[in-house]
Amino acid sequence: MSMDKNDIRQIIRKARREQSADERKARSSEIMFNLFSLYELSGDRIKGLNVASFKSFDGEPEMDEISSRLISMGAGCFFPAISDGGIIMSRTGDFDANGKAFIHGKLGILEPAVHESGFVKMDIVLIPGIAFSVNGDRIGFGKGYYDKYLTKYLPGKLPLLIAPVFDFQITDGFISEPHDIPVDVIVSELRVIHTNSGRGIL
């Protein structure tokens, strides 16, 4: 029996917020361990690739240490910013007139203070979400920003989509939409799921 997506959003967001700081930190550390155990992110394979990360929001897994590690491994680390009703992936390093590298964007989420001037292709996207099915279907905040962003890629040329999530965010209680693009890998603190998205590894 499927549940309404808004009901799932409320249940998962409540569960994320109710974690203690220690629980969130411990689970996030396990997510990071499992993430960098992936073939695609191990050794020198990540060096020179463009990888989109994100800033944690609303009880999401802690991402700062993951982003720092990507940079230390030689990846170009980008973050989403909302611009003209869509997402643009921007690298940090530049500061705005107030000396800030990140500012709160339209949705209250931290984003790069200085945006890229155009579309930059990613090799890997660490994609946030509220709930995921074992098949890779995703429930986001309902704004469709990532769906619109992924339509910029040619068919068959999508980046590898990896979802770092808490295990309680994985559920099969919803129906995907025809336009939904499934993620390739789901990484929680307890398991790694390679979905049936049909897209191979790098």
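Starting from 1, each residue takes its place in the sequence as its number.
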Would Leu38 and His194 count as a side chain to side chain contact (heavy atoms under 4.5 Å, CB included) here? Give the steps. CA-CA 10 Å; Leu38 290 173; His194 292 268; 4.3 Å; yes
Can you check side chain to side chain contact (heavy atoms under 4.5 Å, CB included) on Ile11 and Thr171, steps first, answer last? CA-CA 11 Å; Ile11 291 169; Thr171 176; over 6 Å; no
Show your reasoning for whether side chain to side chain contact (heavy atoms under 4.5 Å, CB included) applies to Leu150 and Leu161. CA-CA 10 Å; Leu150 293 173; Leu161 304 178; 3.8 Å; yes
For side chain to side chain contact (heavy atoms under 4.5 Å, CB included), just list the numbers for Leu107 and Tyr145, CA-CA rounded to whole Å, side-chain angles, deciding distance to a tenth of an Å, and then say yes or no. CA-CA 11 Å; Leu107 300 179; Tyr145 286 119; 3.8 Å; yes
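At distances below 3.5 Å, at least one donor-acceptor pair connects side-chain atoms of Ser72 with backbone N or O atoms of Arg69.
Under the side-chain contact (heavy atoms from CB on, under 4.5 Å) rule, Ile162 has a single partner from Val192, Leu41, Val51, Val125, which is Leu41.
Under the 4.5 Å side-chain heavy-atom criterion for Ile, Leu, Val, Met, Phe, Trp and Tyr, Val185 and Phe33 are members of distinct hydrophobic clusters. Under the 4.5 Å side-chain heavy-atom criterion for Ile, Leu, Val, Met, Phe, Trp and Tyr, Ile127 and Ile170 are members of the same hydrophobic cluster. Cluster annotation: Val120 is connected to Tyr149 through the hydrophobic network of ILVMFWY side chains, with a link wherever side-chain heavy atoms come within less than 4.5 Å. Tracing side-chain contacts under 4.5 Å through hydrophobic residues (I, L, V, M, F, W, Y), one reaches Phe132 starting from Leu158; they form part of the same cluster.
In terms of the side chain to side chain donor-acceptor pair (under 3.5 Å) criterion, residue partners of Ser67 (sequence neighbours excluded) are, by chain and number, Ser53. For the salt bridge (Lys or Arg N to Asp or Glu O under 4.0 Å) test, residues two or more places apart in sequence or in another chain that qualify with Lys14 are Glu18. Every salt bridge (Lys or Arg N to Asp or Glu O under 4.0 Å) that Glu62 has, sequence neighbours left out, goes to Arg24. In terms of the ring-ring contact (aromatic ring centres under 6.0 Å, His included) criterion, residue partners of Phe166 (sequence neighbours excluded) are, by chain and number, Phe168. Remark: Asn6 pairs with Arg9 by the side chain to side chain donor-acceptor pair (under 3.5 Å) rule, at least two apart or across chains. Residues passing the side chain to side chain contact (heavy atoms under 4.5 Å, CB included) test with His115, sequence neighbours excluded: Ala81, Ser83, Ile88, Ser90, Glu111. Residues passing the salt bridge (Lys or Arg N to Asp or Glu O under 4.0 Å) test with Lys55, sequence neighbours excluded: Asp64. Listed by chain and number, the residues in a side chain to side chain donor-acceptor pair (under 3.5 Å) with Ser42 are Arg45 (sequence neighbours excluded). For Arg16, the salt bridge (Lys or Arg N to Asp or Glu O under 4.0 Å) test picks out Asp58, with sequence neighbours left out. When the side chain to side chain donor-acceptor pair (under 3.5 Å) test is applied to Gln19, the partners found at least two apart in sequence or on another chain are Arg27. For Leu190, the side chain to side chain contact (heavy atoms under 4.5 Å, CB included) criterion is met by Asp167, Ser188, not counting sequence neighbours.
Note that CD1 of Ile46 is 3.5 Å distant from CD1 of Ile124, once rounded to the nearest 0.5 Å. One finds the CD1 atom of Ile186 at 13.0 Å from the CG atom of Asn34 (value rounded to the nearest 0.5 Å). Note that CG of Asp184 and CG of Leu160 are 4.5 Å apart. Values are rounded to the nearest 0.5 Å. Taken from CD1 in Ile109 to NE2 in His104, the straight-line distance is 9.5 Å, to the nearest 0.5 Å. How far CD of Glu60 is from CD of Gln169: 7.5 Å, rounded to the nearest 0.5 Å. A distance of 11.0 Å separates OG of Ser29 from CD of Glu189, quoted to the nearest 0.5 Å.
For Lys121, the NZ atom is loosely surrounded, since the number of other residues' heavy atoms within 6.0 Å does not exceed 12. Around atom CD of Glu23, more than 12 heavy atoms belonging to other residues, nucleotides or ligands sit under 6.0 Å away.
Side-chain contact between Arg13 and Ile130 is present, with at least one heavy-atom pair separated by less than 4.5 Å. Here the side chains of Met89 and Glu116 are not in contact, with every heavy-atom distance at 4.5 Å or above.
Taking both residues in full, the closest heavy atoms of Ile66 and Leu35 are given as CG2-CD2, 3.7 Å, listed atom of the first, atom of the second, then distance. Of all heavy-atom pairs between Ala131 and Ile8, the closest is CB-CG2, 3.7 Å.
Within the structure, ring pair (Phe, Tyr, Trp, His ring centres under 6.0 Å) contacts touching residues 40-81 (residues at least two apart or in different chains) are Phe57-Phe141, Phe79-Phe102.
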